[in-house]
2 protein chains.
Amino acid sequence: MPRGECRGQGWWHGKFRGCGYRLTLGREAILDILSKSESHLSAEDIYVKIHTRYPSVGLTTVYRTLDVLSSLGMVYKLDFGDGRSRYEFAEGPKGAHHHHHLVCTQCNKIIDYTDFIDDEVELLNQTEKGLGQKYKFKITNHLIQFYGVCEECSGKK
Amino acid sequence: MPRGECRGQGWWHGKFRGCGYRLTLGREAILDILSKSESHLSAEDIYVKIHTRYPSVGLTTVYRTLDVLSSLGMVYKLDFGDGRSRYEFAEGPKGAHHHHHLVCTQCNKIIDYTDFIDDEVELLNQTEKGLGQKYKFKITNHLIQFYGVCEECSGKK
DNA sequence: TTTGATAATGAAAACCATTTTCATTAAGGA
DNA sequence: TCCTTAATGAAAATGGTTTTCATTATCAAA
Ligand SMILES: [Mn+2]
Ligand SMILES: [Mn+2]
Ligand SMILES: [Zn+2]
Ligand SMILES: [Zn+2]
């Protein structure tokens, strides 16, 4: 008998419980916000959004939850060099489309791109294999970002 | 008539003066350390090294000088995700060999690699061109890093 | 449903790399 | 040598993130 906002219905319920984590209001709220957001949110961005609906959830919990989520692989922790970490939902096995980032060094705009990803990924796989062998390195991850100046920022001379 | 450590002899003398910067003991000392170091030093690493020989040079000056040097393109400011910036000498036009990094997520060891660089660079150029056109982005720089576990860290199970 | 062990939390304080402030020093052109 | 002002050191400030600790809430067990 669902009444209003019924807790514990999300697909991530199992993931949490399976790893021994308890299901709390803060965790659900944060995951909910991240899953619905298109942009790359900072801890404080998330805190502000949450605070309007759940004033009881503190910034500390946001940080702690983001740690848990990224250790579970449900969220990516990103660094675009603006002095604060940013987080992005790592969509489930369905909508998962690998992408890299284009970063404007003037206004900090971030563009997700998937173009060329196939070629990139192929080269990356090769490279990872080669490097892994030569340096006996077990490669688990890669980071690719392009920096430059976006269209708007080019305009303002 | 050179007597001991004659100031103002480095090849960077001109670069500094040309940009209106004064030639100071601190700047020379920092540049000297960076040019001789193989590793990726933090501001404090540099400060400690300098302090043994020139106790008068403070940490603040190290930070300020590193800013100048990286704005001049003489030094690269790097971020390997360990919470502090690291700096690496951008060798002059001669010994300049472009390289990327392999980062051990357990012990923070960094490996410079140049293997596959040619293929990578070719793909990067293509990608940069394509992305630049599609997103009207003026790409000036790229960041490529592989993360994983190094040989030693794999050993300790 | 009640209970109890303990995971999770919020508020405040601590952390810590980096930056800012400001009075003092020194580089280098005149 | 003189003088303008860039450069500097010490100390304080900054700001994102983490730690501390007393309190609360989750949920397995009874
Ligand atoms: Mn993204
Ligand atoms: Mn390097
Ligand atoms: Zn921009
Ligand atoms: Zn290692």
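Source: prediction; values computed, not measured. Below, read A as the first sequence line, B as the second, and so on, with proteins coming before strands; counting in each chain starts at 1.
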Colleague: Ignoring backbone atoms, test whether B:Y63 places a side-chain nitrogen or oxygen under 4.0 Å from the OP1 or OP2 oxygen of C:dT18.
Modeller: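 It does, given that an N or O in the side chain of B:Y63 lies less than 4.0 Å from OP1 or OP2 of C:dT18.
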
Colleague: Once the angle between the rings of B:H51 and B:Y47 is folded into 0 to 90°, is it parallel (under 30°), tilted (30 to 60°) or perpendicular (over 60°)?
Modeller: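 It falls in the tilted class, 30° to 60°.
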
Colleague: Can we call the ring centroids of B:H100 and A:H142 under 6.0 Å apart?
Modeller: no

Colleague: Nearest heavy atom decides the nucleotide; on that basis, is B:Y21 or B:P55 closer to the 5' end of DNA chain D?
Modeller: B:Y21

Colleague: Examine B:Y87 together with B:H40 and report whether their ring centres are nearer than 6.0 Å.
Modeller: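 For B:Y87 and B:H40, the ring centres are not under 6.0 Å apart.
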
Colleague: In whole Å, I'd like the distance from the CG atom of B:D82 to the P atom of D:dT17.
Modeller: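 Computing the B:D82:CG to D:dT17:P distance gives 15 Å.
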
Colleague: A:L59 CG to C:dA13 C1': how many Å, rounded?
Modeller: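 Roughly 14 Å, once rounded to whole Å.
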
Colleague: Between C:dG28, D:dA11, D:dT18, which one does the side chain of B:R17 approach most closely?
Modeller: C:dG28

Colleague: Starting from P on D:dG16, measure out to CG on A:L41 and report it in whole angstrom.
Modeller: 15 Å

Colleague: For a quick test of reading the model: is some side-chain N or O of B:T24 closer than 4.0 Å to OP1 or OP2 of D:dT8?
Modeller: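 So the side chain of B:T24 is within the cut-off, an N or O lying under 4.0 Å from OP1 or OP2 of D:dT8.
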
Colleague: A:T65 has a side chain; which of C:dT9, C:dT19, D:dT17 sits nearest to it?
Modeller: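 Among the listed nucleotides, the one closest to the side chain of A:T65 is C:dT9.
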
Colleague: Is there a side-chain contact between A:R64 and the phosphate of D:dT17, meaning an N or O under 4.0 Å from OP1 or OP2?
Modeller: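 Result: no.
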
Colleague: Just compare C:dT18, C:dT9, D:dT17 and give me whichever is closest to any side-chain atom of A:A43.
Modeller: D:dT17

Colleague: Any side-chain to backbone donor/acceptor pair from A:S85 onto A:D79? Under 3.5 Å, distance only.
Modeller: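 Here the side-chain-to-backbone pair does not exist.
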
Colleague: Looking at C:dG28, C:dT20, D:dA7, which one has an atom nearest to any side-chain atom of B:T60?
Modeller: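 Among the listed nucleotides, the one closest to the side chain of B:T60 is C:dT20.
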
Colleague: Taking only side-chain nitrogens and oxygens of B:R22, does any of them come within less than 4.0 Å of OP1 or OP2 of D:dA6?
Modeller: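 False: B:R22 side-chain N/O out of range (4.0 Å or more) of D:dA6 OP1/OP2.
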
